[in-house]
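Read the structure below first, then the notes.
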Amino acid sequence: MNLRQDIYQLVRQIPPGSVATYGQIAHLLGLPNHARQVGYALYQVALDSDIPWHRVINAQGKISTAPQRHGTDEQQRWRLEAEGIEFDPQGRIDLKRFGWRPLGEKHGG
DNA sequence: AACCTGACGACGC
DNA sequence: GGCGTCGCCAGGT
């Protein structure tokens, strides 16, 4: 069992119209400090992959960037907007509204 | 095995 | 809430 295997498996659980953070993915796997590994794994994912890599962002609700990632930050944003996800004037996403809730948790009281 | 790098995250100011 | 610094683990050389 490879770490990426778990990561990909979980990322594919993210429904369209919702986004998850690297930390969340890792956290759900029981690896809260493997947040980086999550992004590192997605880094190897291809654009035509069955994995919704575009539904994964950082805890700041922003799209990260890489020197040699597959596609561009615009590519990711384009896909997210196509799913109904809204962006702030600062290019951020409200995780409180579009944040993935696999547990169906409530947003507090 | 050690060092450096890397789609990140939490804490302090 | 934004910016800067340290920590975390895995991969490549």
Side-chain angles (χ1 to χ4, degrees):
Chain A
M1 183 64 76
N2 289 1
L3 176 59
R4 301 205 306 243
Q5 284 279 313
D6 282 341
I7 295 170
Y8 296 146
Q9 184 63 32
L10 185 56
V11 173
R12 292 171 71 158
Q13 299 293 337
I14 306 174
S18 297
V19 295
T21 67
Y22 302 100
Q24 186 176 6
I25 300 298
H27 190 90
L28 292 171
L29 293 171
L31 309 169
N33 44 12
H34 277 64
R36 310 194 58 196
Q37 272 53 22
V38 176
Y40 197 81
L42 293 171
Y43 183 87
Q44 300 232 6
V45 178
L47 290 136
D48 61 345
S49 183
D50 298 339
I51 305 169
W53 55 271
H54 59 277
R55 293 182 196 143
V56 188
I57 57 177
N58 54 26
Q60 286 74 31
K62 297 203 306 187
I63 299 173
S64 191
T65 53
Q68 275 199 356
R69 61 169 294 186
H70 293 292
T72 65
D73 50 320
E74 293 184 3
Q75 180 67 30
Q76 181 167 6
R77 173 165 179 164
W78 170 73
R79 292 199 176 205
L80 292 172
E81 290 184 320
E83 296 188 351
I85 295 175
E86 302 174 15
F87 283 78
D88 274 14
Q90 296 181 328
R92 298 194 311 183
I93 302 172
D94 188 353
L95 299 175
K96 299 301 173 104
R97 288 164 36 89
F98 301 100
W100 182 36
R101 298 195 212 161
L103 305 177
E105 284 188 81
K106 291 180 289 189
H107 41 83

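Chain identifiers are assigned alphabetically (A, B, ...) following the order of the sequence lines, protein sequences preceding nucleic acid strands; residue numbering begins at 1 within each chain.
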A:Ser64 side chain near B:dC8 phosphate (N/O to OP1/OP2, under 4.0 Å):
yes
Rounded to whole angstrom, note down the C1' distance from C:dT13 over to B:dA7.
22 Å
Separation of [N] [atom2] from [X] [atom1] (nearest whole Å):
{"X": "A:Ile7", "N": "B:dC8", "atom1": "CD1", "atom2": "P", "result": "13 Å"}
{"X": "A:Trp53", "N": "B:dA7", "atom1": "CH2", "atom2": "P", "result": "14 Å"}
{"X": "A:Leu80", "N": "B:dA7", "atom1": "CG", "atom2": "C1'", "result": "13 Å"}
{"X": "A:Leu3", "N": "B:dC8", "atom1": "CG", "atom2": "C1'", "result": "14 Å"}
{"X": "A:Ile57", "N": "B:dG9", "atom1": "CD1", "atom2": "P", "result": "9 Å"}

Is there a side-chain contact between A:Ile25 and A:Trp100, using heavy atoms and a 4.5 Å cut-off?
yes
Is any side-chain heavy atom of A:Arg12 closer than 4.5 Å to one of A:Pro52?
yes
Please check if any side-chain donor atom of A:His54 sits under 3.5 Å from a side-chain acceptor atom of A:Glu83, or the reverse.
yes
Tracing side-chain contacts under 4.5 Å among Ile, Leu, Val, Met, Phe, Trp and Tyr outward from A:Phe98 reaches A:Val19, A:Ile57, A:Ile63, A:Leu80, A:Ile85, A:Phe87, A:Ile93, A:Leu95
Which two nucleotides bound the region of DNA chain C that has atoms under 4.0 Å from heavy atoms of chain A, read 5' to 3'?
C:dG2 to C:dG11
For DNA chain C, produce a single dot-bracket line, 5' to 3'. Pairs: Watson-Crick or G-U wobble, both distances under 3.5 Å. Symbols: ( ) within strand, [ ] crossing, | other strand, . unpaired.
.||||||.|||||
